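One structure is given below, encoded as structure tokens.
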Amino acid sequence: MKHRVIQNTSPVKPSHKSLSDVHQSIDTTRGRSRGFKKILAFLGPAYLVSVGYMDPGNWATDLQGGAQFGYKLIWILLLSNLIALLLQNMCARLGVVRQQDLAQANRETYPKAVNFCLYILAELAIAACDLAEVLGMAIGINLLTGLPILWGVLITVMDTFLLFYLQRLGMRRMEQFIIGLIAITGFSFLAVLLMAKPDMSDVVTGFIPTSLNQAELYIAIGIIGATVMPHNLYLHSALVQTRKIKRTEKGIKQALKFNAMDSTIALNLAFLVNAAILIMAASVFFTTGNTTVANLEDAHRMLEPLLGSKLAPTLFAIALIAAGQSSTITGTLAGQIVMEGYLNLHLNPLLRRLITRLIAIIPAVSVILIYGDAELDKLLIFSQVILSLQLAFAIIPLIHFVSDRYQMGKFAIKLRTQILGWLISLLLIYLNLQMVYGEISDLFQRNGDLFWKIIAIAGCVGYIALLLATFWYPLRDRKNKRLAITRQPPTY
């Protein structure tokens with residue numbers, strides 16, 4: 001039985017392949033491998049994505065949640081993981097079926113002005129993410145060796161060359177390196193968690209949804225924002241294209257199935273790491289009355305006296321370095337995808353990496369020189385706020401694209417999945433607008449300067465206008481395509 005070959009039906013073909021240096025570099029069509037061997041050929045992309053769900057920004061929110069509120073916010077972590085699973089599966093579907101990453105699809109759909117705004121926001125999100133990773137690695141090096149954080153920040157420039165070397169070795173080697181770092185992070189926290197001996201009945205209770213007060217809601221929003229990051233959506237839609245598949249209906253169905261398995265395994269492992277951090281904080285700090293743990297350094301310093309082991313803080317620092325290093329590699333790949341997809345601009349990967357890292361290092365070094373190390377955690381939290389504000393501008397186009405039957409054919413997502421996706425996007429937009437409203441209200445109370453009030457109001461108007469444009473243009477594009485089809489002359 002012959003299977004129909006399915007091509008990208010987009011009327012505007014992308015002018016280049018996503019991550020062209022590794023595009024379809026792993027051939028899953030060779031031989032007649034079945035079962036587990038076939039699955040192994042597809043495993044990998046979601047692991048590179050999952051490291052973003054356990055970067056130093058996640059650590060900060062997980063530690064605060066566990067230390068201040070015990071096990072109460074574990075269900076928020078689970079909710080964040082379920083949201084991430086849905087969105088990452090949409091990204092994989094977009095890349096496999098349309099053979100485009102999210103940035104390329106945006107460039108095809110939106111006018112230049114909107115695309116430019118989306119590009120700038122995506123670059124800001126990547127820089128904010130890289131900032132969190134720079135700070136996390138620098139703090140980890142400081143905790144492990146005593147080296148000043150400023151020197152640690154400057155040392156992180158060197159991992160630019162590590163990424164360049166890994167890319168030259170090929171996609172599989174890079175995936176293996178990242179999985180190794182994930183294993184170091186996971187095993188380190190597993191060991192610390194076993195030392196903490198949490199009360200399992202309290203842990204189970206934490207999975208039951210409960211109402212949240214204002215302080216708990218603030219941390220919950222931080223957990224969601226730190227978990228579902230916009231650059232990961234660009235990244236996954238490109239990484240799935242590193243696999244060469246048969247462009248038949250059966251081949252695409254198989255690729256979607258195995259990519260869904262890859263995402264489920266990888267993101268659930270990331271959830272377990274995040275849950276371990278929160279449970280450890282709840283067990284070690286909340287239950288002993290040490291609820292004022294303010295930052296990563298406090299947590300590291302208090303682990304030894306509370307657990308009675310010198311190994312625990314050492315493992316904590318090693319895991320922090322591994323998490324920061326793995327996340328920074330994938331952030332660079334996302335930057336390459338965004339620049340090439342939106343601008344059709346190709347840069348040497350090493351140069352692209354240096355640009356991204358310098359954008360992250362400059363604010364970190366500036367804050368250290370002006371305010372000292374004490375303000376770094378505020379900068380870390382601020383980076384997560386920036387990420388949270390970018391989410392809607394990646395999620396809204398993504399849902400539109402994978403719902404479009406003109407582009408996706410029978411692989412378009414079902415109506416119930418569309419409804420669930422829009423409900424998630426509305427929830428995230430509501431939480432972000434609520435946070436922005438609160439920040440502006442505080443600004444108006446603290447500062448009566450008319451100039452800053454005008455800037456804040458203009459920023460909100462621009463934010464909402466761009467949200468509406470992001471939502472409306474794909475609808476108009478879809479309507480125009482339907483009209484074009486219905487107006488075609490009949491054939492006899």
Side-chain angles (χ1 to χ4, degrees), residues 46-47 49-82 84-85 132 136 139-140 143 178-208 219-220 222-224 226-228 264-288 290-291 293 295-296 298-300 302-304 306-309 311-327 384:
Y47 289 92
V49 171
S50 71
V51 298
Y53 295 99
M54 51 181 121
D55 74 344
N58 292 78
W59 285 45
T61 54
D62 294 339
L63 282 170
Q64 286 291 311
Q68 291 184 31
F69 310 116
Y71 305 99
K72 191 174 183 180
L73 298 182
I74 296 177
W75 73 271
I76 294 292
L77 273 177
L78 180 60
L79 174 64
S80 302
N81 187 61
L82 294 175
L85 270 171
I139 292 170
L143 298 177
I178 293 293
I179 290 172
L181 292 175
I182 293 173
I184 292 172
T185 306
F187 284 125
S188 297
F189 255 104
L190 177 61
V192 175
L193 189 62
L194 292 174
M195 295 177 197
K197 299 177 182 178
D199 188 324
M200 294 310 297
S201 61
D202 289 339
V203 172
V204 172
T205 304
F207 283 96
I208 301 173
I219 296 296
I223 289 173
I224 294 173
T227 301
V228 189
T264 302
I265 296 169
L267 296 187
N268 281 327
L269 288 175
F271 163 71
L272 292 176
V273 171
N274 281 317
I277 297 171
L278 191 147
I279 292 168
M280 181 275 294
S283 179
V284 176
F285 305 124
F286 179 78
T287 57
T288 57
N290 293 281
T291 60
V293 176
N295 51 46
L296 296 170
D298 288 345
H300 178 268
M302 296 168 67
L303 278 175
E304 182 177 345
L306 289 175
L307 291 180
S309 171
L311 180 61
T314 301
L315 291 173
F316 182 92
I318 290 172
L320 183 57
I321 294 170
Q325 179 63 74
S326 56
S327 300
Q384 302 308 298

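Remember, predicted model here, so these are calculated numbers, not experimental data.
Between Phe316 and Leu63, the shortest heavy-atom distance links the atoms CZ-CD1, 4.1 Å. Closest approach of Asn81 and Asn268 over heavy atoms only: ND2-OD1, 3.0 Å. The shortest non-hydrogen separation linking Val203 to Pro198 is CG2-CB, 4.3 Å. Scanning all heavy atoms of the two residues, the minimum distance from Ser50 to Ala266 falls at CB-O, 3.7 Å. Pairing each heavy atom of Phe271 with each of Phe207, the nearest pair is CZ-CE2, 3.7 Å. Across all non-hydrogen atoms, the minimal contact from Gly70 to Leu278 is O-CD2, 3.6 Å.
Applying the salt bridge (charged side-chain N to carboxylate O under 4.0 Å, His left out) definition to pairs two or more places apart or across chains, none involves residues 264-284.
For the pair Thr314 and Leu143, the minimum side-chain heavy-atom distance is 4.5 Å or more. Met280 has its side chain out of reach of Asp62: every pair of non-hydrogen atoms, C-beta onward, lies at least 4.5 Å apart.
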Report the C-alpha separation of Met195 and Leu311 in whole Å, then their side-chain angles, then the decisive distance to 0.1 Å, and conclude whether the side chain to side chain contact (heavy atoms under 4.5 Å, CB included) test is met.
CA-CA 10 Å; Met195 295 177 197; Leu311 180 61; 3.6 Å; yes
Walk me through it: do Val204 and Tyr71 pass the test side chain to side chain contact (heavy atoms under 4.5 Å, CB included)?
CA-CA 9 Å; Val204 172; Tyr71 305 99; over 6 Å; no
Assess whether side chain to side chain contact (heavy atoms under 4.5 Å, CB included) is satisfied between Leu320 and Ile139, documenting all intermediate values.
CA-CA 8 Å; Leu320 183 57; Ile139 292 170; 4.0 Å; yes
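Rounding to the nearest 0.5 angstrom, the gap separating the CG atom in Leu267 from the CG atom in Asn274 is 10.5 Å. Rounded to the nearest 0.5 angstrom, Thr185 OG1 and Leu269 CG are separated by 11.5 Å. With rounding to the nearest 0.5 angstrom, the CD1 atom of Ile208 is 12.0 Å from the CG atom of Leu78.
Annotation: side chain to side chain contact (heavy atoms under 4.5 Å, CB included) contacts of Ser188 (sequence neighbours excluded): Ile184, Leu315, Ile318, Ala319.
By the neighbour-count criterion of 12 heavy atoms within 6.0 Å, atom CZ of Phe187 is sparsely surrounded, having that number or fewer from other residues, nucleotides or ligands.
Judged purely by atom type and a 3.5 angstrom limit, Ser283 has no side-chain atom pairing as donor or acceptor with the backbone of Ile279.
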